[in-house]
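Here the structure is a predicted model, which means the values were calculated and not measured. Residue numbers begin at 1 in each chain, while the letters A, B, ... track the order of the sequences. Heavy-atom basis, side chains included; hydrogens, waters and symmetry copies ignored.
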Number of protein chains: 2
Amino acid sequence: MLPQAVLREATDRKLFDEVVGRERVTRAELATATGFSKPTVSESVRRLTEGGLLAATGPQETGRRGRVGTFYELGTAAGWVLAVEVDQSGVQAWSADLAGRVLHRHDRPPGGAGDTGALAEALRATVSAALRKPPAGPLRAVAVSMANPVHPDTREVIALPRSPFPEGLLSPGDILADLVTAPVLVDNDVNLAALAEQRFGDATSFAYLYVGAGLGLGLYLGGTLVRGAHGLAGEVGYLPGAGWRTLATELAAAGLGRSDAPSNDVAAVLRALDAGTPAVLMALVAAVARAVASVTAVVDPEVVLLGGPLGTHPALLDPVRAAVATLSPSPTRLDHGTLGALAPLHGATHLALDHAVAAAIKHDVPG
Amino acid sequence: MLPQAVLREATDRKLFDEVVGRERVTRAELATATGFSKPTVSESVRRLTEGGLLAATGPQETGRRGRVGTFYELGTAAGWVLAVEVDQSGVQAWSADLAGRVLHRHDRPPGGAGDTGALAEALRATVSAALRKPPAGPLRAVAVSMANPVHPDTREVIALPRSPFPEGLLSPGDILADLVTAPVLVDNDVNLAALAEQRFGDATSFAYLYVGAGLGLGLYLGGTLVRGAHGLAGEVGYLPGAGWRTLATELAAAGLGRSDAPSNDVAAVLRALDAGTPAVLMALVAAVARAVASVTAVVDPEVVLLGGPLGTHPALLDPVRAAVATLSPSPTRLDHGTLGALAPLHGATHLALDHAVAAAIKHDVPG
DNA sequence: ACGTTCTAGTTAGGTCACCTTACCAAATCG
DNA sequence: CGATTTGGTAAGGTGACCTAACTAGAACGT
């Protein structure tokens with residue numbers, strides 16, 4: 001590969017993102033918006049259209065002085081990506097175009113609860129359904145969101161004690177190998193939720209704390225997700241609690257987030273929170289505040305967002321803020337996430353998109 | 001600035017580092033070692049020699065077939081950097097060349113203990129002394145290591161409750177403004193220690209836990225130091241302890257690391273550790289293990305190194321390993337740091353070097 | 001009506017950093 | 001003393017960027 005390719009790729013990527021962000025643009029607008037010269041923009045747009053990522057869509061509306069320009073937008077042959085979420089409540093998938101617009105949704109309730117084989121089958125069935133309604137163009141990437149941690153290099157699913165999945169590892173890449181030729185990216189659901197919430201807001205250092213059937217943390221620092229050397233970054237359930245046990249163990253001892261019947265527990269805890277039961281609230285607030293304070297002390301992010309079925313409960317925010325303030329001198333902002341239960345799917349879409357666009361730009365160098 | 005400059009700078013930097021790493025090299029060796037073509041290497045070396053960073057130092061020794069090449073090495077006019085450490089035990093400074101070789105050392109005992117004005121005066125005096133023994137070439141950068149956290153953008157020193165410095169902020173940039181024209185970089189001593197230990201080993205994700213008169217953590221992830229949005233990353237003294245207090249508070253309550261007389265305390269604790277007093281050991285191990293487990297749970301680094309006067313005590317390592325293992329499922333390696341008390345100075349040297357070389361390469365484009 | 005003005009886009013030509021290929025220079029080996 | 005081997009230069013090409021000057025075409029103004 002030529003050394004100058006890095007410049008070309010950066011230019012193409014920036015222009016592509018600009019086009020996607022503005023829906024329809026002329027090359028002149030692109031030049032002023034990005035700072036590139038007009039000839040450079042024309043060259044780059046030519047590459048992108050020949051590669052199918054962009055397409056000319058007729059003339060600029062007239063009524064303004066000067067020559068009418070040509071609008072460019074996302075090409076219909078640009079293709080699409082597939083984002084999938086696998087968890088205890090089933091499998092959910094989104095087909096999206098390269099602008100991130102969701103085109104189709106596919107849901108599937110859980111097969112046999114807690115059965116890995118059934119889950120794998122549900123994954124295959126959902127992806128098959130999505131492939132039966134293919135948008136225009138090639139499928140460029142598949143991203144799968146899972147509740148387990150994922151190894152940062154191999155992207156294998158990692159088994160943990162008290163993991164929400166039973167024994168037996170689920171490897172989406174293997175499961176989908178014969179269905180799909182596009183690359184299959186796998187990542188942790190909370191990491192992906194963090195990615196989504198980060199893109200939605202725009203803090204550069206950022207933590208997303210999931211509170212539901214267990215605790216999970218997604219960390220976004222310095223422009224990338226922190227996955228950890230062994231894929232275990234953000235496993236805040238293993239933080240030391242008040243005693244010499246992990247936070248997760250203490251929560252379970254308090255009757256919260258038991259890993260053997262998590263969804264029922266979440267419903268019960270939600271009812272308790274709605275009813276204002278002080279014991280439940282206090283136990284939960286203590287655990288969440290410990291987690292937030294720990295994250296703050298270690299990486300000091302700009303913002304910490306609470307997410308997940310319990311994390312978004314309105315009764316939680318103020319007490320946690322108060323508790324954290326007694327410990328931490330950092331003015332870190334604490335708030336609710338805004339994307340709700342769909343955050344991981346949004347994140348998976350972003351992950352797939354990012355990979356797809358980068359790969360598409362890297363490969364076509366039409367002359 | 002030309003867009004191609006990024007390529008040129010990367011090339012120059014890589015070649016410069018290669019030359020420094022091998023002491024003396026011919027251009028042919030550089031070409032094969034770096035993968036650049038021979039003409040590219042010659043061009044780059046020409047730029048670097050004209051900029052003064054490199055210098056030809058006579059012919060390759062003969063005895064081998066083929067033409068004798070010209071050796072290049074660090075130029076005498078490349079200049080130098082100054083690394084300074086300011087803490088309660090006084091001020092210490094190193095002059096180093098751009099290869100990181102320490103040329104002169106300057107020490108100064110503390111003026112009035114805990115007196116900011118005296119400390120500032122000691123800083124000025126130490127730098128003046130260093131300037132009176134200037135190595136060849138220009139002073140390109142000064143890096144100051146301090147025990148306080150430092151704001152990541154403004155690089156102002158941040159005041160914290162229980163900080164080892166008294167009221168009144170020490171701004172090395174201002175203090176040295178009339179002595180020195182080179183840029184003055186300031187950073188936290190523990191961050192710099194992490195930088196140094198990281199360079200010495202070569203883990204890509206890395207935490208350095210300082211245990212002395214207080215706890216501090218330096219984090220090195222994804223190729224850079226993590227300073228936090230407010231400069232408070234690694235302030236693990238504010239981690240929640242076993243009770244609803246910070247780790248630092250609990251340690252102080254146990255008679256360890258009291259911030260009002262820290263150095264005496266450290267000596268006392270060291271004596272207790274040597275004597276094998278179980279209460280002291282257990283309290284310290286508990287606190288350190290909590291910190292390590294917290295870091296592991298949040299960012300899952302490849303390695304955690306213990307440093308500082310207490311952290312390097314041999315009695316600490318195994319109990320901490322055992323305690324961490326009961327909490328954390330991550331196979332993170334735990335070890336002692338290898339640079340001892342000099343780690344922050346090493347780190348400051350690296351910081352200054354990095355800045356100096358980058359700036360020197362950026363600016364001269366002789367043509 | 002018709003030249004002026006304004007905007008979109010192309011053409012021409014230059015720069016810069018990289019590359020390959022071919023050559024020259026100088027030392028040892030057989 | 002020629003062959004070989006190695007360091008370094010010369011010549012020429014490519015690709016990605018730039019500026020400046022041009023053409024294309026619509027609306028405005030008197």
Side-chain angles (χ1 to χ4, degrees), chain A residues 1-16 19 22 24-51 54 56-72 361-362 364-367, chain B residues 1-16 19 22 24-51 54 56-72 361-362 364-367:
Chain A
M1 181 138 57
L2 289 170
Q4 290 94 318
V6 54
L7 290 179
R8 173 173 44 84
E9 280 165 27
T11 305
D12 286 1
R13 182 61 193 254
K14 190 168 175 187
L15 286 172
F16 178 82
V19 172
R22 299 176 170 229
R24 299 157 70 246
V25 237
T26 66
R27 279 169 284 182
E29 286 167 10
L30 284 173
T32 55
T34 61
F36 293 115
S37 71
K38 290 195 285 174
T40 297
V41 169
S42 280
E43 248 324 278
S44 175
V45 166
R46 189 188 57 71
R47 280 193 298 264
L48 292 169
T49 48
E50 290 188 17
L54 297 184
T57 55
Q60 199 175 18
E61 62 276 3
T62 186
R64 183 191 32 57
R65 270 201 184 183
R67 176 175 171 178
V68 292
T70 322
F71 275 128
Y72 285 84
I361 283 175
K362 188 160 294 178
D364 45 74
V365 193
Chain B
M1 180 139 58
L2 289 170
Q4 288 94 320
V6 54
L7 291 179
R8 173 173 45 84
E9 279 165 28
T11 305
D12 286 1
R13 182 60 193 255
K14 190 169 176 186
L15 287 171
F16 178 82
V19 172
R22 300 175 169 230
R24 300 156 70 245
V25 239
T26 66
R27 280 170 282 181
E29 287 167 11
L30 285 174
T32 56
T34 61
F36 292 116
S37 69
K38 290 196 286 175
T40 298
V41 169
S42 280
E43 231 351 78
S44 176
V45 165
R46 190 189 55 73
R47 280 192 298 262
L48 291 170
T49 48
E50 289 187 20
L54 297 185
T57 55
Q60 199 175 18
E61 64 276 3
T62 185
R64 184 194 30 46
R65 273 200 181 182
R67 175 173 174 178
V68 292
T70 323
F71 275 128
Y72 285 84
I361 283 175
K362 189 159 295 178
D364 46 72
V365 192

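Nearest-nucleotide positions on DNA chain D place B:Gly69 closer to the 5' end than the other of A:Ala5 and B:Gly69. Ranked by how close their nearest DNA chain C nucleotide is to the 5' end, B:Val68 and B:Ser37 are led by B:Ser37. Residues A:Leu2 and A:Thr40 each lie close to DNA chain D; by heavy-atom proximity, the contact nearer the 5' end of the strand is made by A:Leu2.
Between B:Glu43 atom CD and C:dC18 atom P the separation is 9 Å, expressed in whole Å. A straight line from CZ of B:Arg27 to C1' of D:dA10 spans 14 Å, rounded to a whole angstrom. The separation between A:Arg64 atom CZ and D:dA24 atom P is 18 Å, rounded to whole Å. The distance from atom CZ of A:Phe36 to atom P of D:dG15 is 19 Å, rounded to the nearest whole Å. Taking atom CE on A:Met1 and atom P on D:dT14, their separation rounds to 20 Å, with Å as the unit. Rounding to whole angstrom units, CZ of residue A:Arg46 and P of D:dC17 are separated by 12 Å. For the pair B:Lys38 NZ and D:dA11 P, the computed distance is 16 Å after rounding to whole Å.
In the set D:dG8, C:dG9, D:dA20, D:dG8 carries the atom at the smallest distance from any side-chain atom of B:Thr70.
Below the 3.5 angstrom threshold, one finds a donor paired with an acceptor across the side chain of A:Arg67 and the base of C:dA8.
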